[in-house]
Structure formats: C-alpha cells, structure tokens
Amino acid sequence: MNSSKAIVGRPASLCREFYARPAIELAPALIGTILVHRIRGREYRARLVETEAYVGQHDLACHASKGRTKRTAVMFGPPGFAYVYLIYGMYDMFNIVAAAEGDAQAVLVRAAEPLDGWKADLSGPGKLCRALRIGRAENGLDLTGEKLFLRPPGGEKSRIVRTPRVGVDYSGDWKHELLRFYDADSNAVSKPRRADAQPI
DNA sequence: GCGTCGATGGCA
DNA sequence: GCCATCGACGCG
C-alpha cells in the first residue's frame, strides 16, 4: 500500500492547475473524480459519471457566446470556480470553470453516483444539484477550497464514451459536436444514452 | 415503453 | 420569448 495517505493530513483535492486546461480535455478527466460538498455539518460525496464541455465564446451552445454578462462573468474568470445558474425557472446547473482567465470555457456536471451508502438519484444535472444542495448560492465558489471540491479518481479507470450534448438543438452545427462524456459502465448516466456513442 | 406537455423565473 | 430540465400523463 501507498504510505503517503498516512503521512499527508488529509486526502488530496484537485488543485487549480488541474482545471487550467481546455474544457474538452477537462470534461473527460473529471469522469471518475469524487465530488465532495460539506454543508450544514454533513458531507455529501458522489462519483462523477457524466459531463459536458462548453468550449468558449465561439461555441453557440455556450452561455459565453452571448458575451460577458452578470450571469456569465464567472466563466470569464480563472479556472476551478463553480458556475451555477438557474434554468427553466426551477433547476440549478453546476458547472466547473475551465481554461485560462478570460477564456470562457466550462464543464457541466450532468450525473454522478452517490457514495457512502447514500441513496440519491443524481442522474441528471437538475437532480444532482438538488440532492447535493448545490444552488446559486454556490455560484463563484472556489473549488480548491474546503467546502465544495473534487478528489482524484480512485480505483479502476473509467471506460469513457462521447456523444453530442443534450438540449442544445438551437446551437446550429454545434449541436453535432461530441462534447458530452460519460462512463459507459455506469447506470447513473442521465437519459439519453446512445447506441452510437464513440470511444474516447 | 414511448412522446408530449406544463411548471416556473431570470435573462437578453 | 427563450431556455445546458424534470416528471406527470396518455397512449393502447
């Protein structure tokens, strides 16, 4: 066994540099990582199994394509921060800011598997936020802190596949881009699973 | 099992 | 007037 765990005081969490890369690279790298949310004396943990990359201002499905606004400001900031927004009047969406400051890219977290025997349905971005208590109050939160953060994958490497993103039919040619990633062996992936999913 | 539809509010 | 959604409903 690796003895470093006994030496280091607390388990490693992902650092700023991990997030400082293009969303198309970060999105698959996040599959298998452990999301931790410490809130009101409790700790919610879940293993990420589905993500989507939103790759910048030229991406017509990316909120940043409308330019810098009050809502999208966080995406234009440095990587490793939470971008949380309200959709359809009732669901919050949790995104992780990627790439360098000024380059508005982000990764949407779409699904996860609850850990520690926690029974929860995290198979969809709205359901995931509700169950993990992630809302607009967490918008702009630094994910390298101790309240909401990620830990490196444990165990075996995931078999990742890619498909078009969900719910972006309005975005012209961008709707065809294979920017959704998921763990092909997880049963917590949100509904449109696809038979034509491509190996990564 | 599928398609359709309404809820609901911030934003441009 | 849109939405990076979800769950309820009606079908047969």
Side-chain angles (χ1 to χ4, degrees), chain A residues 19 22-31 33 35 46 48-77 79-99 103-114 119-141 143 148 150 160-183 186-198:
Chain A
Y19 301 104
I24 195 167
E25 293 176 22
L26 180 61
L30 286 169
I31 302 295
T33 62
L35 177 63
L48 303 195
V49 299
E50 180 181 352
T51 57
E52 282 178 358
Y54 289 83
V55 301
Q57 287 193 263
H58 59 296
D59 173 3
L60 296 181
C62 183
H63 289 172
S65 66
K66 301 272 208 271
R68 185 180 192 135
T69 67
K70 182 180 275 188
R71 179 173 71 156
T72 62
V74 179
M75 260 208 284
F76 287 82
F81 285 78
Y83 167 47
V84 186
Y85 67 91
L86 180 74
I87 191 68
Y88 300 118
M90 55 186 103
Y91 298 107
D92 287 307
M93 301 280 114
F94 172 49
N95 300 254
I96 295 169
V97 177
D103 186 357
Q105 304 194 33
V107 175
L108 170 67
V109 177
R110 287 191 57 87
E113 297 170 349
K119 299 299 182 194
D121 180 3
L122 312 178
S123 61
K127 292 188 282 188
L128 181 149
C129 280
R130 210 173 31 185
L132 280 162
R133 316 298 170 101
I134 297 171
R136 279 161 292 163
E138 280 68 44
N139 187 42
L141 198 64
L143 300 176
L148 180 64
L150 289 121
I160 301 171
V161 295
R162 55 194 312 209
T163 77
R165 293 171 292 186
V166 177
V168 296
D169 286 351
Y170 62 86
S171 62
D173 290 340
W174 284 94
K175 75 180 178 193
H176 304 301
E177 295 291 320
L178 303 178
L179 294 172
R180 171 178 177 238
F181 302 85
Y182 61 81
D183 179 344
S186 172
N187 54 20
V189 171
S190 74
K191 284 267 171 201
R193 289 173 145 284
R194 299 175 55 121
D196 60 342
Q198 314 247 348

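Order of the sequence lines sets the chain letters (A, B, ...), proteins ahead of strands, with each chain counted from 1. Remember, it's a predicted structure, so these values are computed and weren't measured experimentally.
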Handout entry: Euclidean distance, atom CZ of residue Arg110(A) to atom P of dC6(C) [Å, nearest integer]
Key = 7 Å

Exercise for the section: Looking only at side-chain atoms of Ile87(A), point me to the closest of dC3(C), dC6(C), dT8(B). Expected result: dC3(C)

Fill in the blank from the handout: Using Watson-Crick geometry (N1-N3 plus N6-O4 or O6-N4) or G-U wobble (N1-O2, O6-N3), each under 3.5 Å, dT8(B) is paired with none

Handout entry: G-U wobble or Watson-Crick pairing nucleotide for dA4(C) (cut-off 3.5 Å, both distances)
Key = none

Practice task
Whole angstrom is fine here: how far is it from OH in Tyr88(A) over to P in dG9(B)?
Solution key: 16 Å

Problem - Whole-Å gap separating C1' (dC3(C)) and CG (Asp169(A)) - result: 12 Å

Practice task
Find the distance Tyr85(A):OH to dA12(B):P and express it as a whole number of Å.
Solution key: 13 Å

Exercise for the section: Name the nucleic acid region contacted by Gly89(A), choosing base, sugar-phosphate or nothing; use a 4.0 angstrom heavy-atom cut-off, strictly under. Expected result: base

Practice task
Specify the separation, in whole Å, of atom CD1 of Ile96(A) and atom C1' of dA4(C).
Solution key: 15 Å

Handout entry: Length of the NZ-P vector between Lys175(A) and dA4(C), whole Å
Key = 14 Å

Problem - Out of dG10(B), dC3(C), dC11(B), whichever nucleotide has its closest atom nearest the side chain of Tyr170(A) - result: dC3(C)

Fill in the blank from the handout: Thr69(A) has its side chain closest, among dA12(B), dG9(B), dC3(C), to dA12(B)

Completion exercise
Winner on side-chain proximity to Val166(A), out of dT5(C), dC3(C), dG10(B), is dT5(C)

Handout entry: Phosphate OP1/OP2 of dG7(C) contacted by Lys127(A) side-chain N/O (<4.0 Å)
Key = yes

Practice task
Mind listing the closest non-hydrogen atom pair of Ser190(A) and Ala111(A) along with its distance?
Solution key: N-CB, 4.0 Å

Exercise for the section: Answer yes or no: does a side-chain N or O of Arg130(A) lie under 4.0 Å from OP1 or OP2 of dC6(C)? Expected result: no

Completion exercise
Rounded to whole Å, CZ of Arg165(A) lies from C1' of dC3(C) at a distance of 15 Å

Practice task
Give a yes/no answer on whether the side chain of Tyr91(A) brings an N or O atom under 4.0 Å of OP1 or OP2 in dG9(B).
Solution key: no

Practice task
Measure from CG on Asp121(A) to P on dG7(C) and round the result to the nearest Å.
Solution key: 7 Å

